[in-house]
Amino acid sequence: MSGIEARFKGAFGGFNLDVAFSAPATGITGLFGPSGSGKTSVLRCLAGLSRVREGHLRADGAVWQDADQFLPPHKRAIGYVFQEPRLFSHLSVLGNLHYGLRRAKTHAPTHRIELEPVIDLMGIRNLLQRSPAALSGGERQRIAIGRALLSQPRVLLMDEPLSALDRQSRNEILPYLESLPAALSIPIIYVSHDLTEIERLASHLVLMREGRVLAAGPLAQLLTDLSLPLARLPEAATVLDLTVQSHDARYDISQCRLDGLPFFVPGRLGAPGALRRVRVRASDVSLITHAPGGSSVLNILPARILSSHPASPSQMLVLLNLSGGGETRLLSSITRKSWDALALRPGMDLFAQIKGMAMTSG
Amino acid sequence: MWQAISLTLQLATLTTLILLLFGVPLGWWLARSRSLMVEPVAALVALPVVLPPTVLGFYLLVAMGPNGPFAPLLQAFGLRTLAFSFEGLLIGSVIYSLPFMAQPVRTAFQSIGEAPLEAAATLRASPIDGFFSVAVPMARGGILSGAILSFAHTIGEFGVVLMIGGNIPGETKTLSISIFDAVETMQWGAAHALSAGMLVFAFVVILITMLIARRTGTPQP
């Protein structure tokens with residue numbers, strides 16, 4: 001099990017690429033940035049489909065590219081999901097799935113990704129004999145993902161696999177993508193310009209801008225970094241990975257836990273022990289200096305102010321650390337008038353009132 | 001007459017097989033290479049389309065003759081000349097029909113584009129593997145059209161055959177020459193039979209290639 005270390009530098013079509021980043025050995029690393037920031041170029045360099053003047057790449061415990069060598073794409077143990085499915089029109093769905101499976105080098109048989117489980121995971125059993133031309137966009141993309149998985153990748157590269165699809169097909173595929181990190185212990189690089197997709201799937205983030213890496217690190221850390229553009233977006237939010245504890249059927253509310261602190265989320269989130277990601281918008285978090293006697297807000301948690309940033313003449317963005325003994329951070333957006341009226345300052349202990357929380361998986 | 005038909009079919013079959021062997025890789029190269037030589041080579045290959053067959057035949061006759069540039073090579077095989085022989089006719093046919101193979105194949109490979117081949121590479125297919133397992137099957141419509149057109153074109157050629165093959169029964173006397181002969185010697189019945197046969201054959205061939213083009217979505221040549 002090994003992560004990815006990458007550095008690419010050189011002219012790429014019309015613009016200059018100059019990136020260096022690493023990705024952890026497991027989980028999804030989001031490659032996020034506006035269109036034209038070089039995300040797809042980076043992915044193509046990782047796959048060996050494109051080559052820049054200066055490149056260093058270590059993946060799967062080996063050097064794939066450096067000053068002296070360049071491993072061609074067909075010799076890299078990658079799975080690549082393109083923006084469009086790129087299925088082979090002369091083969092049936094099953095023929096497409098077999099294409100990579102047949103050519104894959106078998107690693108330890110215990111880690112082999114078998115045909116049957118992938119067919120079930122992607123829900124494509126009734127499509128196997130069909131021609132790709134006769135399928136919907138969502139079905140085709142599911143087969144493209146299955147085909148990539150069956151090529152026994154040691155690194156999975158996905159280039160906006162949902163961008164060409166309608167909302168319904170997206171919602172059809174997202175649960176499959178969410179289940180991938182648990183099913184595969186390999187690095188997954190996921191390119192997207194859609195922050196909600198990244199918030200839902202990624203555990204790690206590489207932020208790109210104009211061919212460069214703006215920042216890289218754990219998702220929650222980057223979302224709450226006041227010096228980065230993400231926290232300054234009007235829809236700024238952070239994500240919390242909650243552990244489900246119990247469900248109260250009388251009120252249809254789930255009790256969860258994070259850092260020893262209790263959280264209440266409406267609805268049945270999952271079986272006890274399940275990990276669920278929720279999204280908390282900065283504008284849904286308000287601050288009070290004393291614990292309130294009675295409040296209709298369910299989640300009121302002790303917190304400490306870490307830093308602040310004036311986001312606009314009227315708004316103040318506040319970074320909080322939940323006082324549960326952990327590293328969990330929260331963003332709060334309040335008015336500057338309140339900030340001054342309450343005499344708030346970094347280091348102060350107070351309470352964060354979370355008015356709304358939404359599951360990222362909607 | 002049957003001798004002429006059999007000879008013509010032999011010539012067309014061999015020509016088509018040779019063209020499949022060389023024309024498909026040539027079409028692939030024309031479709032994918034970024035070399036500056038692509039368009040000059042493509043123009044050279046397309047020459048027989050616009051050149052009078054007699055011009056082509058004349059140069060081939062000179063080239064294959066006892067004083068031509070290939071004479072030393074021929075002598076190594078104990079031959080004095082390839083002119084007025086079946087082998088000479090075959091070489092002439094291959095060159096004359098090459099554009100009818102190379103063009104549709106090139107167009108078909110171009111219309112496939114880079115995308116499926118990149119996908120094949122990410123699925124561990126080497127470039128050669130990708131050529132045979134993805135490019136050729138996806139271009140099969142264009143390859144089939146090219147083969148049928150080359151075959152039909154060889155059956156119908158006249159000028160080149162006359163120039164380099166002459167009129168030797170069983171060796172170089174093909175169908176089109178037979179028709180010419182029949183008319184020259186006032187055998188109208190034979191000329192009618194052969195011409196009508198060729199007419200129907202040509203119609204069927206063109207119809208088949210159009211149907212293939214429609215089914216596989218390959219652009220027509």
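In what follows, chains carry the letters A, B, and so on, assigned in the order in which the sequence lines appear, proteins first and then strands, with residues in each chain numbered from 1.
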Heavy atoms of other groups near [X] [atom1], more than 12 under 6.0 Å:
| X | atom1 | value |
| --- | --- | --- |
| B/Ile128 | CD1 | no |
| A/Tyr176 | OH | yes |
| A/Phe15 | CZ | yes |
| B/Phe58 | CZ | no |

Practice prompt. Indicate the atoms forming the closest heavy-atom contact of B/Pro116 with A/Phe88, along with that distance.
Written response: O-CE2, 3.3 Å
Response to the item:
Most heavy-atom pairs under 4.5 Å with chain B, out of A/Arg147, A/Glu84, A/His90, belong to A/His90
Practice prompt. Using a cut-off of under 4.5 Å on heavy-atom pairs, state which of A/Pro153, A/Gly100, A/Ser151 scores highest against chain B.
Written response: A/Ser151
Practice prompt. In sequence, state the C-alpha distance, the side-chain angles, and the governing distance for B/Glu118 and A/Phe82, and then conclude on side chain to side chain contact (heavy atoms under 4.5 Å, CB included).
Written response: CA-CA 10 Å; B/Glu118 281 186 355; A/Phe82 296 89; 4.0 Å; yes
Discussion item. Taking the side chain as everything from C-beta on, heavy atoms only, tell me whether A/Arg102 gets closer than 4.5 Å to B/Arg124.
Written reply: no
Practice prompt. Could you tell me which portion of A/Arg76 (side chain, backbone, both or neither) has an atom closer than 4.5 angstrom to a non-hydrogen atom of chain B?
Written response: backbone
Item to complete: Can you measure from CG (B/Leu117) to CG (A/Leu49) and round to the nearest 0.5 angstrom?
Response: 11.0 Å
Discussion item. Using a 3.5 Å distance criterion without hydrogens, assess whether the side chain of A/His74 forms a donor-acceptor pair with backbone atoms of B/Gly130.
Written reply: no
Worksheet item: Hey, is the main chain of B/Ala115 close enough, under 3.5 Å, to the side chain of A/Arg86 for a donor-acceptor pair?
Response: yes
Worksheet item: What's the verdict on side chain to side chain contact (heavy atoms under 4.5 Å, CB included) for B/Val134 and A/Tyr99, showing C-alpha distance, side-chain angles and the deciding distance?
Response: CA-CA 10 Å; B/Val134 173; A/Tyr99 192 92; 3.4 Å; yes
